[in-house]
Amino acid sequence: MNKYRSHNCNELRKKDIGKKISLAGWINKKRDHGNLLFIDIRDNYGITQCIIDKANKNFSLLEKTQLETVIKVDGKVLDRTKDTINTDIDTGEIEVSIESFEVLGTCNELPMPVFSDQEYSEEIRLKYRFLDLRRKKIHENIILRSKVISFIRNEMNRLGFLEFQTPILTSSSPEGARDFLVPSRLNPGKFYALPQAPQQFKQLIMVSGFDKYFQIAPCFRDEDARADRSPGEFYQLDLEMSFVEQEDVFKVVETLLVNTFERFSNKKLMFNEFPKITYSDAILKYGTDKPDLRNPLVISDITEIFDRDDVSFEIFKKLVKSGSKVRCIVTKNTKDKPRSFFDNIDRWAKEQGASGLAYFTIEKDKVISARGPVGKFFSNDALEEIMNITKAEIGDSIFLACNKESEVQKITSQARDKIAQDLNLIDENTFAFCWIVDYPMFEKDEVTKKIKFSHNPFSMPQGSIKDINFDKPLDILAYQYDIVCNGIELSSGAIRNHMPELMYKLFSIAGYDKKQVDEKFSGMINALSYGAPPHGGIAPGIDRIVMLLANEKNIREVTMFPMNQNAQDLMMKAPSEVNQNQLDELKLIIKEKK
RNA sequence: GGGGGUGUAGCUCAGUUGGUUAGAGCGAUCGCCUGUCACGCGAUAGGUCGAGGGUUCGAGUCCCUUCACUCCCGCCA
């Protein structure tokens, strides 16, 4: 028999009444009646109410024992009378009469209560993460995470994928995020980099002939945090497949995600076969490449309307002449909404730094007309044309913004979210997945005006090497795709470029000559010259998947030991200074701070 | 690097137009209480009002600087 317990704290039931048992766990809560003491003991599995009265010699000692002390109790399982049954806990039909107890782990006065629904500051939660993790909600989130990862492993195995580990100490690469660097003692002055993703390795695994690979891979990027982005490190379900086209990857990911989300959430899936939206369509219709498809609102371009003579909205007309675009959002049947609804949205847009959102509602008495502050500027014919373009109907309202393309795209995208919220159009009980496809291979850097890779430099461009017009690099599309759920980007992937000749060509457009490519990507480019199979893959973010399943807005709620926004671990006090010997061995000198 | 929010007891918070000795709940300590499950009742301790400077007869409250936490922009192939 186990030294500490005969049962866990969620095990005892009516059938155990009369048994002599022992339990071990934390004192979750005490209810002290002076001559009678109730003690709830908690472990990973649940809570059991224990009871002791003054007749027992241990009474006064137990009465004074702090909450969260770890104790072992020996006692007998008792029935509870009908009116004292607690239906909130699984063990609520019984209780344990304590005969003796033993303190296994003492507890100081707590810096934060464990048994409480209160919210606490991040600072205290992170500093005492081991206490925070005892609390029900986050404890369950972490267990969920474990189960999701385990399920995904099984599914991947079932789908014929092999799990491999790849190096954590690797080389710095010029593209992408900032690297975390690790100095090399044996090679003074040189540094390893922690992998931003096992990108090159997984391609090398394909070149090595393993056909289907996956890994729950740690990824390290030295970039600033967000609510849905851990600083420093996060996990991806990294996967790669040989002899596949885009559709083959989609099929695997759809199967995996549908199974995972159906298994771990009660929410509905809006699509079992995820819709595919081209990047350019997404940007136009939603103003972003990570649209929330639960939101039915779409953005339309009605710039051409403002060239018409029967439209007299002079401010917009003038802006359009100088190259601005007009985009609009139609809200269905909002004719009876109060003026305040419209004005609130206009005011909100101004708060976002835009020049506001013009609006009108389409009405029909004998002829079609527009009601609202700017309605008078549109003729009957112009309104019909707008209705034609936007599919708006009588009784609908139209919100318009006019600005440079990038600005109008930004504000209409935000407005789409804001209006949907105000109209309560988003079904919180749904997951809406979609693929964003046909990403451009290159984009122009706004600052330097140079052409650079818009996503992954190893992606395969669409079209054969003979057909691609390399003189218009911004027109080249890639077999590059993202998967998005409820407006959250879960992952990027691509069919890879496995042809060295084409690779050099594309890198040259982004400003790397052959020598640089050979140097910086030696592992990859060399391997591709020795018989590389066509291959492709993707890497869904594990943390974000668990966030969606746990219904959490912050990634720290699904991360066991997260760092704070400044990439510090308040519990372990990382990062920290190191001693002079360590620096000497590494041949490093710390510059004085300015 | 930039913008917003927050910072008052161990924890969660209140604190009026600037005005006496800065309050409450939980927790802690002590006392009472044999059926609670957020047990109840009474008492006690506990404060550099994040820090520094300024305005004022007087600052938790107004102003400036700064720090911490957080959200967002930049950044994240």
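Protein chains get the first letters and strands the later ones, always in sequence-line order, with residue 1 at the start of each.
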Quantified in whole Å, what is the C1' atom distance between nucleotide G5(B) and nucleotide A9(B)? 24 Å
P atom, A24(B) versus G18(B): distance in rounded Å? 25 Å
Can you say whether a donor on the side chain of Arg229(A) sits under 3.5 Å from an acceptor on the base of C75(B), or the other way round? yes
On a whole-Å scale, what distance lies between the P atoms belonging to G47(B) and G15(B)? 23 Å
Ranking U70(B), U29(B), C72(B) by distance to the side chain of Asn564(A), first place goes to U70(B)
Looking at C41(B), which nucleotide sits across from it as a Watson-Crick or G-U wobble partner, both distances under 3.5 angstrom, or is there none? G31(B)
Whole-Å distance between C75(B) C1' and Glu443(A) CD? 13 Å
Can you measure Leu126(A) atom CG to U70(B) atom P for me and round it to whole angstrom units? 7 Å
Within 45° cone and under 6.0 Å: Lys514(A) NZ/CZ vs Tyr504(A) ring: yes
For A59(B), the Watson-Crick or wobble partner whose two distances fall under 3.5 Å: none
Counting side-chain heavy atoms from C-beta on, which of C76(B), C69(B), U12(B) comes nearest to Arg221(A)? C76(B)
Between C11(B) and G27(B), how far apart are the P atoms? Round to whole Å, please. 15 Å
Any base atoms under 4.0 Å from Asp445(A), or only sugar-phosphate, or nothing? Heavy atoms, all strands. nothing
Just how far, in rounded Å, is P of C11(B) from CG of Asp132(A)? 14 Å
In whole Å, what separates the C1' atom of C33(B) from that of G19(B)? 44 Å
Asn566(A) CG - A68(B) P separation (whole Å): 7 Å
Assigned partner base of G25(B), Watson-Crick or wobble definition, under 3.5 Å: C11(B)
Roughly how far apart, to the nearest Å, are G25(B) and A68(B) at atom P? 35 Å
Can you check the Glu63(A) CD to A28(B) C1' distance for me, whole Å? 15 Å
Is Ser173(A) touching bases, backbone alone, or none of the nucleic acid, heavy atoms closer than 4.0 Å? nothing
Pro457(A) near the nucleic acid: base, sugar-phosphate alone, or nothing, with a heavy-atom cut-off under 4.0 Å? base
Check for a donor-acceptor pair, side chain of Lys30(A) on one end and backbone N or O of Glu63(A) on the other, with a separation under 3.5 Å. yes
Roughly how many Å apart are G7(B) and C62(B), using the P atom of each and rounding to a whole number? 11 Å
Once each nucleotide of nucleotides 34-42 of chain B is scored for protein heavy atoms under 4.0 Å, what B/S/- sequence comes out, 5' to 3'? BBBBSB---
Classify the ring geometry of Phe250(A) against Tyr481(A): parallel below 30°, tilted from 30° to 60°, perpendicular beyond 60°. perpendicular
Without decimals, in angstroms, what is the distance between Asp224(A) CG and C71(B) P? 12 Å
Checking Asn56(A) side chain against Ile98(A) main chain: does a donor-acceptor pair fall under 3.5 Å? yes
Partner lookup for U36(B), please. Criteria are Watson-Crick or G-U wobble with both distances under 3.5 angstrom; report none if nothing qualifies. none
5'-most contact on RNA chain B (nearest-nucleotide basis), Lys452(A) vs Pro113(A), goes to Pro113(A)
In Å and rounded to the nearest 0.5 Å, what is the CG to CD1 distance from Leu506(A) to Ile451(A)? 12.5 Å
Please determine whether a side-chain nitrogen of the Lys or Arg among Asp292(A) and Arg294(A) lies less than 4.0 Å from a carboxylate oxygen of the Asp or Glu. yes
Quick one: Glu119(A) CD to G25(B) P, roughly how many Å, whole number? 22 Å
Nearest to side-chain heavy atoms of Glu223(A), which nucleotide of C33(B), C75(B), C71(B): C75(B)
Does C73(B) have its OP1 or OP2 closer than 4.0 Å to a side-chain nitrogen or oxygen of Arg226(A)? yes
Would you please name every residue forming a side chain to side chain contact (heavy atoms under 4.5 Å, CB included) with Ser492(A), sequence neighbours left out? His455(A), Gln480(A), Asp482(A), Glu489(A)
Can you confirm if the NZ or CZ of Lys520(A) lies within 45° of the ring axis of Tyr512(A) and under 6.0 Å from the centre of its six-membered ring? no
Check whether any side-chain nitrogen or oxygen of Gln565(A) sits under 4.0 Å from OP1 or OP2 of C71(B), and answer yes or no. yes
Integer angstrom distance from the C1' of G60(B) to that of G52(B): 16 Å
For atom CG of Asn28(A) and atom C1' of G27(B), their distance in whole Å: 14 Å
Measure from the side chain of Gln568(A), starting at C-beta and using heavy atoms only, and say which of C69(B), C71(B), C75(B) lies closest. C69(B)
Assigned partner base of U20(B), Watson-Crick or wobble definition, under 3.5 Å: none
Is there a donor-acceptor pair under 3.5 Å between the side chain of Thr48(A) and the backbone N or O of Cys9(A)? yes
For Gln196(A), report the nucleic acid contact type (base, sugar-phosphate, nothing); a contact means any heavy atom under 4.0 Å. nothing
To the nearest 0.5 Å, how far apart are CZ in Arg496(A) and CG in Asn456(A)? 5.5 Å
Compare side-chain N and O positions of Arg556(A) against OP1 and OP2 of C69(B) and report whether any pair is under 4.0 Å apart. no
